[in-house]
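Have a look at the structure below, then the notes.
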Amino acid sequence: MTDAPDPDDCPFPPCPRCETPVVSVTSSGPHTHTASPCGCWLSLAAVQALRG
Ligand SMILES: [Zn+2]
């Protein structure tokens with residue numbers, strides 16, 4: 001057990017469009033989801049996959 005962050009085990013999932021780690025997802029509608037910080041548009045399925 002360790003609480004040190006492991007750079008090879010990024011806590012944020014990669015964006016399916018640009019592979020930038022997605023820190024958060026902004027949802028402005030049932031079919032409007034935007035990844036942050038990269039700003040890519042995501043489908044609902046992509047959002048669900050990112051959130052596990
Ligand atoms: Zn992206």
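Both counts, for ligands and for their atoms, begin at 1 and track the order of listing.
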Begin from the C-alpha positions of C40 and T34 and carry the test side chain to side chain contact (heavy atoms under 4.5 Å, CB included) through to its verdict.
CA-CA 6 Å; C40 294; T34 306; over 6 Å; no
Have a look around the Zn ion (ligand 1) and list protein N/O/S atoms under 2.8 Å, or say none.
C15 SG, C18 SG, C38 SG, C40 SG
Locate the shortest heavy-atom distance separating H33 from V47; write the atom from each residue and the value.
CB-CG2, 3.4 Å
Any donor and acceptor pair, going by atom type alone, linking the side chain of R17 with main-chain N or O of W41 inside 3.5 Å?
yes
Value rounded to 0.5 Å, distance of CG in L44 from NE2 in H31:
7.5 Å
With the side chain counted from C-beta on, respond yes when C15 and V22 share a heavy-atom pair under 4.5 Å apart, and no when they do not.
yes
Are S27 and T32 packed together at the side-chain level, in the sense that at least one heavy-atom pair is separated by less than 4.5 angstrom?
no
